Amino acid sequence: MDSNHSSHNMGLDLVRVTEAAALAAGRWIGSGNFDAAHAAATDAMFNTLTLLQVDGIIAIGEDRLIDGASPLCKGVAFGAGLMPFDLAVDPIDGTRLLAEGKPGAISVVALAPRHSIRSIAPAEYLDKIVVDRDAAAVLVPECLDAPAAWTLALIARAKKKAVRDLVVVVLQRTRHHDLIDEIRATGARVLLRGEGDAEAALVAATPGSGVDVLMGVGGAAQGGLAACAVRALRGGMLARIAPQSAEERAAADQAGLDAKRVMTVDELVASDDVLYAATGITDTALLPGIAYRGSHAETHSLLIRSETRTRRFIQAEHSLEE
């Protein structure tokens with residue numbers, strides 16, 4: 001990333017952004033208050049981005065309104081924009097998990113050169129498959145329509161495993177009833193998730209995480225964040241819009257989105273120069289959640305820099321004193 005602000009410092013800045021959002025949200029863990037957690041994290045992320053003066057424009061953001069506005073919606077710009085980047089943000093991936101005190105909630109920001117992160121709005125859902133770098137080469141467009149057994153056999157062969165040893169993460173939704181049955185019929189293990197699509201994709205794209213593949217329909221914004229992580233990790237991803245209502249299908253048609261077209265990760269993120277930062281809020285497979293210890297709080301974050309192919313795990317202590 002050629003910029004007056006070095007990519008090294010930019011990466012640390014992104015971690016500060018996710019740390020701020022996570023710390024703000026952390027006070028609401030287990031509170032049952034979805035809206036308050038979301039508002040706190042969104043305000044903290046927005047304010048920190050403003051302070052850092054990141055030369056970025058949000059390509060994938062939030063549509064959930066706070067006091068009549070969406071502070072992190074698509075198109076919001078930060079900084080002078082002389083050499084603007086694309087930003088993909090989610091103050092909390094897994095807000096309901098956080099509100100219920102369940103594992104799997106993280107705060108996420110990704111950054112790439114301008115016009116490289118594709119937004120597929122107004123589409124709201126994506127059907128997708130995500131794998132790590134060991135199986136990336138075997139993903140072909142036919143995998144999205146093929147029986148699960150066929151696709152899992154390809155992935156197992158690439159990873160030098162038996163199909164029964166694969167772990168497949170799927171969102172626990174009624175629409176996935178048949179998919180779950182198909183996967184279980186192969187002998188593979190199904191890991192059901194109530195929420196947290198972007199975090200699940202990050203885990204599936206991370207070698208050695210214990211999860212081999214993510215399959216199924218999830219949010220389009222979370223799919224965009226997933227694509228950033230997958231591209232940064234050199235993993236594989238296939239995606240296609242999956243309208244869940246007549247209104248969504250009509251909006252996609254009007255926007256010229258092809259409901260039959262299968263997109264690869266390279267189409268969703270058209271750059272190898274990606275920075276991806278995530279901070280754990282509640283415990284996840286990769287990151288411990290926030291721990292409050294009286295006068296300070298501890299956070300654990302992940303910073304992926306695709307240009308140098310590095311993954312950094314960052315543990316930080318934050319003073320809570322005025």
Side-chain angles (χ1 to χ4, degrees), residues 14 18 58-63 74 86-95 97 104-112 116-121 123-136 139 141 143-144 151 155 167-173 176 179 191 193-207 209 211-242 262-272 274-280 284-287 302-304 306 311:
L14 290 186
T18 58
I58 293 180
I60 296 175
E62 292 227 303
D63 295 324
K74 179 182 176 182
D86 277 349
L87 287 165
V89 304
D90 194 346
I92 311 174
D93 177 51
T95 309
L97 298 175
I106 62 172
S107 180
V108 188
V109 172
L111 181 147
S116 59
I117 298 178
R118 180 177 181 180
S119 169
I120 59 167
E124 297 180 26
Y125 291 90
L126 279 179
D127 188 8
K128 56 189 174 290
I129 300 175
V130 172
V131 296
D132 67 16
R133 63 195 180 210
D134 293 335
L139 284 190
C143 289
L144 273 181
T151 300
I155 295 169
V167 176
V168 186
V169 64
V170 182
L171 285 180
Q172 192 169 14
R173 300 289 186 272
H176 290 149
L179 173 62
L191 180 61
R193 293 289 301 269
E195 201 176 301
D197 204 17
E199 190 272 337
L202 170 64
V203 174
T206 300
S209 69
V211 171
D212 298 288
V213 55
L214 175 143
M215 302 178 80
V217 175
Q222 289 76 17
L225 280 162
C228 293
V230 173
R231 187 77 195 244
L233 289 165
R234 300 296 197 273
M237 178 173 178
L238 298 173
R240 179 174 56 200
I241 66 169
V262 176
M263 297 169 283
T264 66
V265 67
D266 294 349
E267 295 174 89
L268 293 167
V269 182
S271 174
D272 274 330
V274 180
L275 284 169
Y276 181 99
T279 298
T284 79
L286 297 177
L287 296 168
L302 168 65
L303 175 63
I304 307 170
S306 64
R311 283 188 293 155

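A quick note: this is a predicted structure, and the numbers were derived from the prediction, not measured. Because only heavy atoms are used, hydrogens play no part in the values below, and waters and symmetry mates are left out as well, while side chains stay in. Along the sequence shown, residues carry numbers from 1.
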Just to verify, what does Asp86 make a salt bridge (charged side-chain N to carboxylate O under 4.0 Å, His left out) with, not counting sequence neighbours? Arg114
Glu195: what forms a salt bridge (charged side-chain N to carboxylate O under 4.0 Å, His left out) with it, not counting sequence neighbours? Arg96
Between [X] and [Y], which heavy-atom pair has the shortest distance, and what is it?
X      : Y      : answer
Leu268 : Ala239 : CD1-CB, 3.9 Å
Met237 : Ala227 : SD-CA, 3.6 Å
Gly61  : Ala221 : O-CB, 4.1 Å
Leu287 : Ala278 : CD1-O, 3.7 Å
Tyr276 : Ala229 : CE1-CB, 3.4 Å
Ile155 : Ala135 : CG2-CB, 4.0 Å

Measure the shortest side-chain to side-chain distance between [X] and [Y] over non-hydrogen atoms and say whether it is less than 4.5 angstrom.
X      : Y      : value
Thr206 : Leu286 : yes
Leu126 : Ile241 : yes
Leu214 : Lys128 : yes
Asp132 : Leu233 : no

Which value, rounded to the nearest 0.5 Å, describes the distance between [X] atom [atom1] and [Y] atom [atom2]?
X      : Y      : atom1 : atom2 : result
Leu238 : Leu139 : CG    : CG    : 4.5 Å
Ser119 : Ile58  : OG    : CD1   : 11.5 Å
Ile129 : Leu144 : CD1   : CG    : 4.5 Å
Leu225 : Ile117 : CG    : CD1   : 8.0 Å
Thr18  : Leu303 : OG1   : CG    : 8.5 Å
Asp90  : Ile60  : CG    : CD1   : 10.5 Å

Using the test side-chain hydrogen bond (donor to acceptor under 3.5 Å, both in side chains), find all partners of [X] that sit at least two apart in sequence or belong to another chain.
X      : result
Gln172 : none
Asp212 : Lys159, Lys161
Thr264 : Glu267
Ser107 : none

Does Pro141 have any side chain to side chain contact (heavy atoms under 4.5 Å, CB included) partners at least two apart in sequence or in another chain, and if so, which? Val262
All side chain to side chain contact (heavy atoms under 4.5 Å, CB included) counterparts of Arg173, not counting sequence neighbours: Leu171, Arg175, His176
Using residues 198-205 as the side-chain source, report each donor-acceptor pair under 3.5 Å to any protein atom, sequence neighbours left out, with the distance given to one decimal.
| unit_1 | atom_1 | unit_2 | atom_2 | d |
| --- | --- | --- | --- | --- |
| Glu199 | OE1 | Arg193 | NH1 | 2.7 |
| Glu199 | OE1 | Arg193 | NH2 | 2.9 |

I need the full list of side chain to side chain donor-acceptor pair (under 3.5 Å) pairs touching residues 215-233, with sequence neighbours left out, sorted by first then second residue. Arg231-Asp266, Arg231-Asp272
